[in-house]
Engineer: 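Pasting a structure below so you can have a look.
These numbers come from the heavy atoms of this one structure, side chains and all, not from hydrogens, waters or symmetry mates. In listed order, ligands and their atoms are each counted from 1.
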Amino acid sequence: MSGTNKSDKKRVLSGIQPSGQLTIGNYIGAMRHFVEMQDEYDCYFAVVDLHAVTVPQEPEALRENTEAVAALFVAAGIDPAKAAIFVQSHVPAHAQLGWLMTTLAYMGELERMTQYKDKAAGKVAVGAGLFTYPALMAADILLYNAHLVPVGDDQKQHLELTRDLAIRFNRRFGETFVVPEPSISEVGARIMSLDDATKKMSKSNPNPNSYISLLDPPDVVRKKISRAKTDPGREVVYDPANKPEISNLMTIYAQCAGVSLDEVQKRFEGQGYGAFKKELAEVVVSVLEPLQRTYHDIRQSGAIRDILRDGAQRAAAVAEVTLRQAKEAMGFLLPQG
Ligand code: TYM
């Protein structure tokens, strides 16, 4: 068998929720790693709409955001000929294995999830799906027997639960799933808010000045960066404990310009925050402009629906085999044929 045979490659799966505009945090923490991995691995990248509906969604916005995230995958450089790009709900095996994983997860485990605690905090009515969300995420990953899961730092705990569920299933019902490893980069795995460096940058933040959207026009990017909070000092020095705001901006610079944090520090020695922010804005714009051009071309071409149809077929071919194995191992009477 040739080394380039798809089945010889290790698998990668990751997902992004279509719950609003994607930010530069999603790009730096996740999407750019998807692009880097697509040559070496057999990749599956999902727009996880079933996860998005764990909080209320406007139907029209959900449809639009689902297509938009898929187009952003392509615009960011994911090649649909290499990686399967698909919508989670187009592959029914996700919901099915999600249920099986829900039966395997303990209440206590789910109660400990910090993302659930954050999202549920202060709410009177919390959907049950928000609580069982990590079991569905485990199913997403285990269906593909993914070895690696590129994510930002905030998904680490969900990945640990996925590993626990895979190990639990394999012990109880026999070796069925690959136990996946998270792939979290050292720099940029947690991009912080522009207005509050104690919070992660998030598309669900009601203040749009707190994040840079991948679809923000250049002038909006420049304005947001010039307004980004900094400390009263003026040295461009990487020191997350004492200078969290400038350290966060330096991380964004380093990731967008493809240089190390040391280099950023050297480049701006003695220059002050104003000069640094001006250049940072241009570096971010230089990443976003080509991405946005491709994004608008793809949306106009209508090609995304074909890409998603093909991606779902490729994903389902893998997922259905694993689901069948899992059901068989658990003792389900399988339909004939
Ligand atoms: P989501 O949609 O919130 O975010 C998508 C990816 O972007 C990363 N990310 C960040 N990275 C760095 N800095 C930030 N400020 C930042 N904000 C977001 C996230 O860590 C994530 O990798 N539960 C997942 C979606 C999911 C999934 C999966 C991921 C569902 N099934 C299976 C991997 C595998 C989520 O809510 O990501």
Side-chain angles (χ1 to χ4, degrees), residues 11-35 37 43-55 57 65-66 68-70 72-73 76 86-89 91 94-95 97-98 101 113-116 118-119 129-130 132-163 165-166 180-205 210-214 244 248-249 251-252 255-256 315 319:
R11 292 235 179 87
V12 162
L13 174 125
S14 198
I16 296 190
Q17 296 193 64
S19 45
Q21 301 259 321
L22 295 199
T23 73
I24 194 119
N26 297 119
Y27 177 78
I28 293 174
M31 252 158 121
R32 65 188 302 254
H33 303 293
F34 301 177
V35 179
M37 292 171 113
C43 290
Y44 297 81
F45 298 122
V47 184
V48 289
D49 52 352
L50 297 172
H51 278 103
V53 296
T54 58
V55 296
Q57 300 289 336
N65 289 335
T66 302
V69 171
L72 282 169
F73 278 179
F86 67 102
V87 175
Q88 186 186 29
S89 69
V91 181
H94 287 256
L97 189 66
M101 288 297 140
M113 294 292 120
T114 56
Q115 188 160 309
Y116 166 72
D118 290 348
K119 285 197 177 176
L130 196 61
T132 58
Y133 174 117
L136 178 61
M137 177 161 163
D140 297 340
I141 297 164
L142 301 181
L143 274 176
Y144 299 87
N145 281 315
H147 299 87
L148 283 175
V149 184
V151 283
D153 184 63
D154 61 335
Q155 298 301 315
K156 210 173 178 170
Q157 202 186 21
H158 289 160
L159 255 298
E160 276 159 20
L161 178 65
T162 301
R163 289 172 56 84
L165 291 177
E181 298 281 345
S183 168
I184 301 174
S185 87
E186 254 169 58
V187 180
R190 195 175 186 81
I191 299 297
M192 309 311 280
S193 240
L194 298 182
D195 63 340
D196 180 353
T198 63
K199 283 200 203 126
K200 122 188 138 154
M201 185 183 281
S202 165
K203 56 199 168 198
S204 52
N205 191 316
S210 71
Y211 58 81
I212 297 168
S213 157
L214 293 182
N248 184 46
L249 296 179
T251 304
I252 297 175
Q255 290 291 300
C256 289

Engineer: Is the shortest heavy-atom distance from the side chain of L214 to the side chain of N26 under 4.5 Å?
Structural biologist: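 No. Closest side-chain heavy atoms not under 4.5 Å.
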Engineer: For S210 and N205, which I'm curious about, is there any donor-acceptor pair between the side chains at under 3.5 Å?
Structural biologist: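 The answer is yes; a qualifying pair exists.
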Engineer: Using the side chain to side chain donor-acceptor pair (under 3.5 Å) criterion, which residues pair with Y211? Sequence neighbours excluded.
Structural biologist: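 Expected list: none.
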Engineer: Hey, mind stepping through Q115 and Q157 against side-chain contact (heavy atoms from CB on, under 4.5 Å) and telling me if it holds?
Structural biologist: CA-CA 9 Å; Q115 188 160 309; Q157 202 186 21; 5.9 Å; no
Engineer: Where does ligand 1 get N/O contacts under 3.5 Å from the protein, atom by atom?
Structural biologist:
unit_1   : atom_1 : unit_2 : atom_2 : d
ligand 1 : 2 (O)  : Q17    : N      : 2.9
ligand 1 : 2 (O)  : K203   : NZ     : 3.2
ligand 1 : 4 (O)  : N26    : ND2    : 3.3
ligand 1 : 7 (O)  : N26    : ND2    : 3.1
ligand 1 : 11 (N) : G25    : O      : 3.2
ligand 1 : 13 (N) : I191   : N      : 2.8
ligand 1 : 15 (N) : I191   : O      : 2.8
ligand 1 : 15 (N) : M201   : O      : 3.0
ligand 1 : 20 (O) : G152   : N      : 2.9
ligand 1 : 20 (O) : D154   : OD1    : 2.4
ligand 1 : 22 (O) : G152   : N      : 3.1
ligand 1 : 23 (N) : Y133   : OH     : 2.6
ligand 1 : 23 (N) : Q155   : OE1    : 2.9
ligand 1 : 31 (N) : D140   : OD2    : 2.6
ligand 1 : 36 (O) : Q17    : NE2    : 2.7
ligand 1 : 36 (O) : Y133   : OH     : 2.7

Engineer: Not counting sequence neighbours, which residues clear side chain to side chain contact (heavy atoms under 4.5 Å, CB included) with T54? List them please.
Structural biologist: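 L130, Y133.
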Engineer: Going by salt bridge (Lys or Arg N to Asp or Glu O under 4.0 Å), name the residues that satisfy it together with E181, two or more places apart in sequence or in a different chain.
Structural biologist: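 Expected list: R163.
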